[in-house]
Amino acid sequence: MKKHNFNAGPCVLPREAVESAIEAIRDFDGTGIGILEISHRTPGWERVMKETADLWRELLNIPDNYKVLFLGGGASTQFFAVPANFLSKKAAYLQTGVWAKKAAKEAKFYGEVEIVASSEDKTYSYIPKGYTIPKDADYFHITTNNTIYGTEIHEDIDSPVTLIADMSSDILSRPVDVSKYGMIYGGAQKNVGPAGVTFVIVREDLLGKVDRKLQTMVDYRTHIGEEERNRSMFNTPPVFPIYVMHETLKWVKKLGGVEAMYKINKEKAELLYNEIDRNKMFVGTAAKEDRSLMNVCFVMAEEYKDKEAAFMEFAKAAGMVGIKGHRSVGGFRASIYNACPRESVEALVKCMQEFEAQNA
């Protein structure tokens, strides 16, 4: 039976990237040594590092005054690295989910944190509107997609202060005007690779402005280095995850880039949301105008609550993997990231229709 992977992360990857990675494990770049064993100072690897950064630049049209870094520690490490590098007196945060709340918590170690708005009052089921960004803040931090709750900020915000965004779960899913941001970061394991590498896109002139002394590994300037060949290579980088990222970015480019990816993602999301809205057994949990293109969250309609376990088993038997909602929310969640094929979304829709026919 074919399996349809809707896991929220680590997530489904392009088959081309997986096959290329398998071959590289056996023999990287014709060296006779596998990617898991090579030195990160191998000329072939230095080429891959540069190509990966160049692909990021091309796909997102990243301006020259921004640096692209590949770091360890996940997005959670950036929760404290961001304020360490940018917070002098006060930072502003938009609280749209658990990860946004955790990011704000870490920033409080470095200075004052103002929560400009929060949707916690309704279990983060919407994106706050009509808030004011304080002009005396050192930066404004947002989480563009909320994986657990299925909400997303769909447009680039015009901010009067430096805008910093955690784009862990929607990067490369839609066009982004990088020039509106001081920094964009995220874990790769949703849309651009496996767990183990974090991407950081940062405007270089913003660095070195805080008075505090920074630990070597926390200071982004350490990873930029004086020469491009040393970028993201201060310590041994996560070689294998970066290689898979490299192959995934090549796949996105082959499909037509971010604009083409966005069209595909909108079509997949519309297909699934339309079924949720049509099917009398299911109800979407996110405000319609804020629904995520990446994480589709839904529950059983009130009159069918007793059928939740039955649908979960029905879906599993049909090959659906990873649709159980996050433990803090319950219900169901289908993560339909870039590499999730349309046929998997169609299979889930068919599964929902069949369950309705048998049980409604």
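Hydrogens, waters and symmetry mates are skipped; everything else that's a heavy atom, side chains included, is used.
Salt bridge present: Lys90 and Glu114 bring a charged side-chain N and a carboxylate O closer than 4.0 Å. Ion pairing of Glu51 with Arg47 is present here, as a side-chain N (NZ or NE/NH1/NH2) and a carboxylate O approach within less than 4.0 Å. For Glu308 and Lys324, the salt-bridge test fails: no basic side-chain N is under 4.0 Å from an acidic carboxylate O. Here Lys129 pairs with Asp290 in a salt bridge; the nearest charged N to carboxylate O distance falls below 4.0 Å. Look at Lys280 and Glu303 and you find no salt bridge, because none of the NZ, NE, NH1 or NH2 atoms lies under 4.0 Å from a carboxylate O. Checked for salt-bridge contact, Arg174 and Glu152 meet the test: a charged N lies under 4.0 Å from a carboxylate O. Lys263 and Glu267 are joined by a salt bridge, as a carboxylate oxygen and a charged side-chain nitrogen come within less than 4.0 angstrom of each other. Between Glu112 and Lys89, no side-chain nitrogen of the basic residue sits less than 4.0 Å from a carboxylate oxygen of the acidic one, so the salt-bridge criterion is not met.
Looking at heavy atoms from C-beta onward, Trp45 lies in side-chain contact with Phe28 at the 4.5 angstrom threshold.
Note on Tyr139: it clusters hydrophobically with Tyr185, by side-chain heavy-atom contacts below 4.5 Å among ILVMFWY residues. Placement of Phe109 and Met217 in two distinct hydrophobic clusters is found when ILVMFWY residues are connected by side-chain heavy-atom separations under 4.5 Å, directly or transitively.
No hydrogens or angles considered: nothing links the side chains of Tyr220 and Glu204 as a donor-acceptor pair under 3.5 Å. Side-chain contact of Ser88 with Asp138: a donor-acceptor pair under 3.5 Å is absent, judged by distance alone. A donor-acceptor pair shorter than 3.5 Å cannot be found between the side chains of Asn265 and Ser173. Asp121 and Tyr126 form a side-chain donor-acceptor contact under 3.5 Å, judged by distance and modelled atom types alone. Between the side chains of Thr147 and Ser169, a donor-acceptor pair is found at a separation under 3.5 Å. Between the side chains of His4 and Ser344, at least one donor-acceptor pair of N or O atoms lies under 3.5 Å.
Between the CD atom in Glu37 and the OG1 atom in Thr31 there is a gap of 9.0 Å [rounded to 0.5 Å]. If you take NZ on Lys190 and CG on Leu172, they are separated by 15.0 Å, rounding to the nearest 0.5 Å. One finds the CD1 atom of Ile148 at 12.5 Å from the OG atom of Ser292 (value rounded to the nearest 0.5 Å).
Both cation-pi conditions hold for Lys102 and Trp99: the charged atom is under 6.0 angstrom from the six-membered ring centre and inside a 45 degree cone around its axis.
Across all non-hydrogen atoms, the minimal contact from Arg291 to Gly284 is NH2-CA, 4.2 Å. The two residues Tyr262 and Leu293 come nearest to each other via the heavy atoms CE1-CD1, 3.7 Å. Closest approach of Gln78 and Pro83 over heavy atoms only: O-CD, 4.2 Å. For the pair Ala8 and Tyr337, the tightest heavy-atom approach, listed with the atom from each and the gap, is O-OH, 2.7 Å.
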ask   = Asn295 and Tyr149: side-chain hydrogen bond (donor to acceptor under 3.5 Å, both in side chains), yes or no, with the steps?
value = CA-CA 8 Å; Asn295 308 100; Tyr149 306 96; over 6 Å; no

task = Could you check Lys253 against Leu59 for side chain to side chain contact (heavy atoms under 4.5 Å, CB included), going step by step and ending with a plain yes or no?
result = CA-CA 7 Å; Lys253 180 178 177 179; Leu59 291 169; 4.1 Å; yes

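Sequence neighbours left out, the pairs with a member in residues 333-348 that pass salt bridge (Lys or Arg N to Asp or Glu O under 4.0 Å) are Arg342-Glu346.
Considering Asn5, Val244, Asn191 in turn, Val244 is the only one that fulfils the side-chain contact (heavy atoms from CB on, under 4.5 Å) rule with Leu13.
Other cluster members for Tyr304: Phe6, Leu271, Leu272, Tyr273, Ile276, Met281, Phe282, Val296, Phe298, Met300, Phe311, Met312, Phe314, Met320, Ile323, Phe332, Ile336, Val345, Leu348, Val349, Met352, Phe355, joined by side-chain heavy-atom distances under 4.5 Å among Ile, Leu, Val, Met, Phe, Trp and Tyr.
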